[in-house]
Number of protein chains: 2
Amino acid sequence: MERLMKSIRIGINDKIFLKDPDSSDLGKRIVKQSILMIDEMGFESFTFRKLGAQIGSNESSIYRYFENKHKLLLYLASWYWGWLEYKMVFATNAIPDPNEKLQTAINVLTQTVKEDDSFSHVNEVLLNKIVINEYSKSYLTKEVDQENKEGYFEIYKRLVNRLGEMIVAVNKDYPYPASLASSVLEGALHQYFLTEHFPKLTDCNESVSPTQFFTDLVLRTLTYNNDG
Amino acid sequence: MERLMKSIRIGINDKIFLKDPDSSDLGKRIVKQSILMIDEMGFESFTFRKLGAQIGSNESSIYRYFENKHKLLLYLASWYWGWLEYKMVFATNAIPDPNEKLQTAINVLTQTVKEDDSFSHVNEVLLNKIVINEYSKSYLTKEVDQENKEGYFEIYKRLVNRLGEMIVAVNKDYPYPASLASSVLEGALHQYFLTEHFPKLTDCNESVSPTQFFTDLVLRTLTYNNDG
DNA sequence: ATATATTGATAGTAATACTATTATTTTTGA
DNA sequence: TCAAAAATAATAGTATTACTATCAATATAT
């Protein structure tokens, strides 16, 4: 798996960047260091000037890769969701039983990332933390419809839809597969956030994972029968 | 109900503001106009300078009420959740049956606000939209733990806990009442957002409401029996 | 009528989020 | 291998943001 992951490339909508950061050493340093810095100081405090100082490069050079830090966040998020999608498809592909397939998908999608593959310049552990803390900010904007039209959220949407299809495969009569799928993905991020900062608002903790909560939730929801 | 709501006052942690905006005409104009402007231009573009220009007051005067726009957002959010809490407690108070009580609570908590009471200086319809689009930004910050310690999220937490208790009252064996409660509240905001901007990621639309989705979800989850 | 509190006006600062221009270095490909 | 092209760096500059400070004007309360 690691060897495979090492060589994959996430296909990201090329309107998100001005110059593909994967195409040069500077581009990779921008991505790598921005992940460390956004995790460290938070997206609000992060600036291209600070990033330039850290990587020994110039602010103006970074602007040749990304229009602004918002676009960089969209890039990082797309990378993350693309990577998760790959892991999910890989993990579920060979499973014929719809129940087991869905179960496996939920496992992959709602687990925290424990270690990065250390081959790529992308630290997936930190990227996972960034997505938990910052992803919402990438779409809670006045420009969301325009940016959606331009395809900046395609990978995420595809991932939600894949999960939705697996839900349908388990129970074709369940009336809200898309809402359940989007709730699982978004909710997992939220439950991780709560575990860290608002422990009284969640039952998840060191011994109970969001994966357990959502696995149970989806099971109950899809195998419900009203004779009980 | 309208008459009652007219005179209620939401008790908001007074560390959120420097001077109670409810205590003066200027304070009320700040709150009223900020709601209109944040809804209109989004939180990022909104500034105290622009707000001052709109209400014919001075930027520096606004800073005497709120340290910064983040605190103003915390104030508006607290007001909103306090108002919802009031509506929920009022609506559920007299209901003895736990199932019906929970059902009513979910109704109140996941419905959009259709008209404001027009007595208060707060437009609840717009405030509801603001909470959908901006609330996450109030806690997805590096300062969240400090601010939580100072009690800025008390009302929201109390509301989630109340809902969690109602869930326990319906099914004391369900292992994730807090997570389910927080998922319903947060998820309702998210489903409304998706309906507006990512319709393919939700089953909610003009004829299916997030209320229906979550009512059904909670019903299935709490009345599940594994004989099926 | 006067002290006090509130608001307004003006100005100023450091930082942000860029853009523009020009210089320097690196890459490439004829 | 040398010249052209591309990429990066350095420097400077602009408009805006997010404030703070000071002082003047006005309203209010005793």
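Every value quoted in this text rests on a predicted model; they were computed, and no experiment measured them. A note on names: the letters A, B, ... follow the listed sequences, proteins ahead of strands, and every chain is numbered from 1.
Side-chain atoms of E59(B) and base atoms of dC19(D) include a donor and an acceptor less than 3.5 Å apart.
Between K157(A) and E154(A), at least one side-chain N (NZ, or NE/NH1/NH2) sits under 4.0 Å from a carboxylate O, which counts as a salt bridge. Using a cut-off of 4.0 Å between Lys/Arg side-chain N and Asp/Glu carboxylate O, K149(A) and D145(A) are scored as not salt-bridged. Note on E134(B) versus K137(B): salt bridge recorded, some NZ/NE/NH1/NH2 to OD/OE distance being below 4.0 Å. In summary, R49(B) and E59(B) engage in a salt bridge, as defined by a charged side-chain N under 4.0 Å from a carboxylate O.
Per the geometry, NZ belonging to K71(B) stands 14 Å off C1' belonging to dC19(D), to the nearest Å. For L18(A) and dA17(C), the CG to C1' distance is 15 Å, given to the nearest whole Å. For the pair F46(B) CZ and dT16(D) P, the computed distance is 18 Å after rounding to whole Å. Here dA17(C) presents its P atom at 13 Å from CG of L73(A), a figure rounded to the nearest Å. Between the C1' atom of dC19(D) and the NZ atom of K69(B) lies a distance of 13 Å, rounded to the nearest Å. Here the P atom of nucleotide dC18(C) and the CZ atom of F48(A) are 8 Å apart, to the nearest Å. Across the protein-nucleic acid pair, I55(A) atom CD1 and dA10(D) atom P stand 12 Å apart, rounded to whole Å. To the nearest angstrom, P of dT17(D) lies 16 Å from CG of L72(B).
Proximity of K50(A) to the phosphate of dT16(C): a side-chain N or O atom is located under 4.0 Å from OP1 or OP2. Of the side-chain N and O atoms in S57(A), one or more sit less than 4.0 angstrom from OP1 or OP2 of dA9(D).
Nearer to the 5' terminus of DNA chain C, by closest-nucleotide assignment, is the contact made by E44(A) (compared with the other of N58(A) and E44(A)). Closest-nucleotide positions on DNA chain C for R64(B) and R49(A) were compared, and the one nearer the 5' end corresponds to R64(B).
Residue contacts shown for E67(A) are limited to sugar-phosphate atoms, with no base heavy atom under 4.0 Å away. Contacts of Y63(A) with the nucleic acid, taken as non-hydrogen atoms under 4.0 Å apart, include base atoms. Using a 4.0 Å heavy-atom cutoff across all strands shown, S61(A) reaches at least one base atom of the nucleic acid. Across all strands shown, Y65(B) has heavy atoms under 4.0 Å from sugar-phosphate atoms exclusively, and none from any base.
Residue L84(A) is tested with N128(A), V131(A), L109(A) for a side chain to side chain contact (heavy atoms under 4.5 Å, CB included); the sole match is L109(A).
Within residues 22-35 of chain A, the residues that have a heavy atom under 4.0 Å from DNA chain D are, in order of number, S24(A), L26(A).
In this structure, the side chain of K69(B) engages the main chain of F43(B) through a donor-acceptor pair within 3.5 Å. Remark: the backbone N or O of Y135(A) is paired with a side-chain donor or acceptor of S138(A) at under 3.5 angstrom.
For T47(A), taking side-chain heavy atoms from C-beta onward, the closest of the listed nucleotides dT17(D), dA17(C), dA20(C) is dA17(C).
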Verdict with supporting geometry, V113(B) and Y80(B), side chain to side chain contact (heavy atoms under 4.5 Å, CB included):
CA-CA 11 Å; V113(B) 181; Y80(B) 178 78; 4.3 Å; yes
